[in-house]
Amino acid sequence: KLANRYHYKCCILTTSGTMALTFTSLQFIETRQGFRDDALVPAYGVISVPNAFREAGYDVWFADIDRRAGCMSPDSFHKHLSNKSRTYLVCLVHFSGSLSAASWAIAQVCLNLNIPVIEDAACLIGAGNARGTPGMSSEATILSFSVPKFITMGQGGAVLTDNEELAEAVYGLTDQGGHDWRKTGIHESVGTNARLTDIQAAFGLAQLDDWDARYQRKKTCYTILKQKLGDKLFSTAQGDPPLHNIVFADNPKQLIAKLQPWGIDARQQYTVYNRHPAYNYDKGKYPNAEWWADHAVYLPFGMGMTTDEAE
């Protein structure tokens, strides 16, 4: 159903969006020239993105973000391309479900230069088109079904692709090496057990059948917040309600403290990746990512929000 909705040939389900990224990126690490072992990701966001590529064996490098959209900056991307010692796999993250012109520009360059692209659309399901902006070319698109997402199964992830060979290889990694081993007793490749459970799938299918009503509920809650907060509230490039309800404050800690007596649990949710000890080998400066880390305040969000709570 997901493949049909987003007009892809193949959809492979697995235990999380992180594992979907890891399994997909493993298919690009070996090239005819040797190994592609450098991954380029935005410098701000969910830690699962760089972790997925590190787990697959990549050296992970960071590009600054576009301050308006929260997605990878074309200027920062081009600076990385000048380093001829690296052979990149690029991960375009549609942060909070935003389909930005910046991502489109980068995708076009990658297409022209034959640089593989994986789109992380973990936050995008329920907004726009999972393929990204019209015409965006990527090898695969990743979805997530963790708790706050538009479709949730507690956890879960998916790989959408038109490449049937890629789909078969990813599926093999999720199920001990392939489709037919239960019949033949023979394992053609090495894999693990990272399948989505039947119970999780049942939860997901029920929500797919309720897609339009879920989207309308999400849009109604976001519209209430937008009417009250105006331009202070983050909005996506294409106009869909974002996954997160984000405002930007000069003094985030003071704002968070003032909201607590009202029972509103706000927080500074993410930081620049190279502020984490695991990634502080990267000494780069990313002013837009740092601005988001220092000013973005995340208000409550998720499909469980009611209109009364939004008010």
Side-chain angles (χ1 to χ4, degrees), residues 1-25 27-28 91-94 96-99 103-104 107 111 116-175 178-180 182 191 194-219 236-243 302-303:
K1 280 191 171 182
L2 272 174
N4 289 338
R5 172 171 283 276
Y6 287 122
H7 311 293
Y8 281 88
K9 292 180 181 179
C10 308
C11 177
I12 304 94
L13 299 174
T14 186
T15 51
S16 68
T18 307
M19 293 311 300
L21 268 178
T22 297
F23 289 154
T24 304
S25 65
Q27 308 313 310
F28 298 100
C91 182
L92 293 178
V93 180
H94 299 305
S96 200
S98 188
L99 296 165
S103 294
W104 163 242
L111 179 63
V117 173
I118 298 175
E119 289 180 69
D120 183 337
C123 300
L124 184 60
I125 187 169
N129 183 336
R131 284 183 181 271
T133 48
M136 182 176 286
S137 176
S138 63
E139 305 293 340
T141 296
I142 306 304
L143 301 178
S144 169
F145 309 116
S146 62
V147 171
K149 300 303 195 306
F150 181 78
I151 300 293
T152 179
M153 308 168 197
Q155 266 296 352
V159 180
L160 297 170
T161 183
D162 288 327
N163 186 326
E164 294 178 357
E165 184 177 345
L166 171 64
E168 184 65 27
V170 171
Y171 183 85
L173 289 171
T174 70
D175 191 18
H179 282 88
D180 297 327
R182 290 176 181 81
R195 293 172 294 151
L196 202 70
T197 68
D198 292 344
I199 292 174
Q200 287 174 297
F203 280 125
L205 285 169
Q207 291 167 75
L208 282 176
D209 290 338
D210 196 34
W211 187 287
D212 291 340
R214 294 175 69 80
Y215 179 83
Q216 191 56 49
R217 185 166 73 249
K218 179 181 178 183
K219 185 176 181 180
T236 63
Q238 76 278 13
D240 285 306
L243 173 66
M303 292 305 300

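Note that the structure is predicted; figures quoted are calculated from it, not measured.
Taking the six-membered ring for Trp and thresholds of 30 and 60 degrees, Tyr6 and Trp211 have ring planes more than 60 degrees apart, a perpendicular arrangement.
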Report the C-alpha distance between Asp209 and Lys1 in whole Å, list the side-chain angles of each, state the deciding distance to 0.1 Å, and finish with yes or no for side-chain contact (heavy atoms from CB on, under 4.5 Å). CA-CA 10 Å; Asp209 290 338; Lys1 280 191 171 182; 2.7 Å; yes

Take Phe150 and Phe145, measure what side-chain contact (heavy atoms from CB on, under 4.5 Å) needs, and give me the verdict at the end. CA-CA 8 Å; Phe150 181 78; Phe145 309 116; over 6 Å; no

Pair Arg182-Asp175, side-chain contact (heavy atoms from CB on, under 4.5 Å): steps then yes or no: CA-CA 10 Å; Arg182 290 176 181 81; Asp175 191 18; 2.8 Å; yes

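We find the CD-CZ distance between Gln207 and Phe203 to be 8.5 Å, quoted to the nearest 0.5 Å. Separation of atoms CG (Leu92) and CD1 (Ile142) is listed at 12.0 Å; rounding is to 0.5 Å. How far CG of Leu2 is from SG of Cys11: 5.0 Å, rounded to the nearest 0.5 Å. With rounding to the nearest 0.5 angstrom, the SG atom of Cys91 is 5.0 Å from the CG atom of Asp120. Note: Thr141 OG1 to Leu124 CG = 8.5 Å, rounded to the nearest 0.5 Å. Interatomic distance, Asp240 CG to Ser96 OG, rounded to the nearest 0.5 Å: 11.0 Å.
Under the 3.5 Å distance criterion, the side-chain polar atoms of Thr152 are matched with a main-chain donor or acceptor of Ser146. No donor-acceptor pair under 3.5 Å is formed between the side chain of Thr14 and the backbone N or O of Thr174. A donor-acceptor pair under 3.5 Å is formed between the side chain of Asp162 and the backbone N or O of Lys9. Looking at Gln200, its side chain does come within 3.5 Å of a backbone N or O of Gln155 through a donor-acceptor pair. Under the 3.5 Å distance criterion, the side-chain polar atoms of Glu168 are left unmatched by any main-chain donor or acceptor of Glu165. A donor-acceptor pair under 3.5 Å links the side-chain atoms of Asn163 to the main chain of Leu166, judged by distance alone. Checking side-chain atoms of Thr22 against main-chain N and O of Thr18 turns up a donor-acceptor pair under 3.5 Å. Between the Gln238 side chain and the Leu99 main chain, a donor and an acceptor come within less than 3.5 Å of each other. Here the side chain of Ser98 pairs a donor or acceptor atom with the backbone of Ala237 at under 3.5 angstrom. Without hydrogens or angle criteria, Arg214 side chain to Ile151 main chain gives no donor-acceptor distance under 3.5 Å.
Nearest approach of Pro242 to Lys218, heavy atoms of both residues: O-CE, 3.4 Å. Summarising the geometry of Leu13 relative to Ala158, their closest heavy-atom pair is CD2-CB, 3.8 Å, with the distance given to 0.1 Å. Shown here for Ser144 and Ala122, the closest heavy-atom pair between the two residues is CB-CB, 3.5 Å. Shown here for Gly156 and Leu196, the closest heavy-atom pair between the two residues is CA-CD1, 3.8 Å. Between Thr24 and Ala140, the shortest heavy-atom distance links the atoms CG2-CB, 3.7 Å.
Taking the side chain as every heavy atom from C-beta outward, His94 and Cys123 never approach each other to under 4.5 Å. Using a 4.5 Å heavy-atom cutoff, the side chains of Cys10 and Glu164 are in contact. When side chains are defined from C-beta on, Pro241 does not count as touching Thr236, because their heavy atoms never get closer than 4.5 Å.
Between Arg217 and Asp212 there is no salt bridge, since no side-chain N of the basic residue sits under 4.0 Å from a carboxylate O of the acidic one.
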